[in-house]
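Worksheet: the structure to be examined is printed underneath.
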Amino acid sequence: MSKKIRVRFAPSPTGGLHIGGVRTVLYNYLFAKQHGGDFILRIEDTDQTRFVSGAEEYIYETLSWCGLEPDESPKKGGAFGPYRQSERKDSYRKYAEQLVNEGKAYYAFDTSEELETKRKNVANFQYNIASRIEMKNSLTLDQDNVKKLLSENVPHVIRIKMPTDEEIKFTDMIRGEVAFNSSQVDDKVLLKADGMPTYHLAVVVDDHLMQISHAFRGEEWLPSAPVHILLWRYLFGEENMPQWAHLPLILKPDGNGKLSKRDGDRLGFPVFAMDWTDPKSNEKTTGFKERGFLPEAFINMLALLGWNEGSEQEIFSLKELIEKFSMERVHKGGAKFNYDKAKWFNHEWIKKFPVASFQLPVEILLKDNGINIDDPKKFEKVLELVKDRCTLLTDFVPQSSFFFQSPESIDVSAIQPKWDEKKNRFFIELIRAYEFINPWQHDDLEKEFKEIAAASQIKPGDVLLPFRIMLVGGKFGPGVFDIAAIIGKEETIKRITHTLQLLK
RNA sequence: ACAGAGGUGGACAAGUGGUCUAAGUCGUCACACUUUCAAUGUGAAGCCGUUGGUUCGAAUCCAACACUCUGUCCCA
């Protein structure tokens, strides 16, 4: 019988969730669901100096917006709790001490200051096989001294003792076999002076205790993988280790390097999934959600940022992704983030989605801009009419406001230069004719318009743009007669009259 | 510096020894349609990091070199 598939996303709650993090969640989720397994959220809050209030709640909200709900989490609970590492603090020490007793780890009493000066004085200082003999630890101090320091509660850490010249290798699901030489890896801290584990100890212990079968994380972790392999070998048996996959990095669009929040600020696109306000600095960072992205499009875009089915299909629903995703088809190389392509995904989803599926967020957006929807039928018609020209949900505001209220300003300057008495008379004539139209519908409006133009010896094209500006306020929006048909006779005539006044 | 990883048009990708004088999408530009902006359709530009090798044949396999990235915190 094969083991149950269990995967986890283990963020540290230190701020907004970066798209790289969301993509890791997504790949975890897809893999779990495809195999009928469990997706677990574990909070890695072992660094209390980096605690940020609200960050954990933000993670729940983000996953929820994305539709990637965990099966087990601190909030939801589960059979393998607690799911917050700070609450598991007591379970780590014994493993670290076990390693010390077995000679695979050691106590180190060097203070942070001592290490800092060391790093300053020695170029590329590493606490490793070569340097540990000159440091203050249980390998260099005599036993009595160590005992004494320990009993006096002198602050100390536990470091792993990397073996000399040993090949450590493992098979990565994306990269195949990856090998390291143990001599090149430094003696990482496993247990900090405050009794909290570092990431290195915590992942291994927690993945074991939570029976994690596959572990996915960003490529930046690859260099420390040998530490984790060794820990597995020492503690729980390498054969029980989860299968690793190191995901390619998401790179900044210009230049090289990892995409950071700063790049988003600098280049004007979101990097976080949702709005995040730093509780200390009060600095606000916009997210994809608030920028007007549909969660379906956001997920779709993220899935393709590092994975490709092998076909030419680019639009996938979450359900399709669950069916088709495979870790083997995740690229090895990092991908530069492309905001234009991200927007394209959103546009595609808006075009293909029935309007009902984004009616609510758009309604809220309009309300925020002072427009209340009181006619749902009309609202639906408007959405259908304008959705092709909305890339982001926020585009619906300028694209549909004028259906519900007269434009705030009229771009008269676009009409004025070519305006003359002949055109003025045309519109007066038009108003007169429109008064009699009943029922008020698209085709009749257009027909009447063209007839009057012909009678006035004006090309319809010459008065169409002015007409548009009268109704919309500017040079945009769907077909003018569609607009006129929806806003109604009274409003149409009112807007023409109003602009005619302005043109005097 | 050391270690690991990576590489196909401006960006993301398909392609894993012959059907590849390769290429889909985004973006850019042009044209068509048109009632502005979109949508839609058509077209344009652009060659597999470099060098060498294996082979009848290489984007695909091998090697070297260069380049880029990640890591080298009591951060995760």
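Just so we're on the same page: letters track the sequence lines, and every chain starts at 1.
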Q) Can we call the ring centroids of Phe467(A) and Phe449(A) under 6.0 Å apart? A) yes
Q.
Ring centroids only, cut at 6.0 angstrom: are Trp221(A) and Tyr199(A) within range, meaning strictly under it?
A. yes
Q | Pairwise P distance for C75(B) and A11(B), with rounding to whole Å | A | 38 Å
Q) Using atom C1' of each nucleotide, how far apart are U21(B) and C48(B) to the nearest Å? A) 14 Å
[X] near the nucleic acid: base, sugar-phosphate alone, or nothing, with a heavy-atom cut-off under 4.0 Å?
X	answer
Thr46(A)	sugar-phosphate
Phe345(A)	nothing
Gly257(A)	sugar-phosphate
Lys343(A)	nothing

Q | Nearest listed nucleotide, side chain of Arg175(A), among U35(B), G4(B), G6(B) | A | G6(B)
Q) Of the nucleotides C2(B), C75(B), G10(B), which one has an atom closest to the side chain of Gln184(A)? A) C2(B)
Q | Counterpart residues, side-chain hydrogen bond (donor to acceptor under 3.5 Å, both in side chains), relative to Gln85(A) (two or more places apart) | A | Glu44(A), Asp206(A)
(Q) Counting only side-chain nitrogens and oxygens, does His156(A) get under 4.0 Å of the OP1 or OP2 atom of C74(B)? (A) no
Q. Using a cut-off of less than 4.0 Å, is there contact between a side-chain N or O of Lys192(A) and OP1 or OP2 of C75(B)?
A. yes
Q: Can you sort out which residues in residues 158-171 of chain A have a heavy atom within less than 4.0 Å of RNA chain B? Ascending by number, please.
A: Arg159(A)
Q) Is a donor-acceptor contact shorter than 3.5 angstrom present between the side chain of Lys341(A) and the base of U25(B)? A) yes
Q) More than 12 heavy atoms of other residues, nucleotides or ligands under 6.0 Å from NZ of Lys351(A): is that the case? A) yes
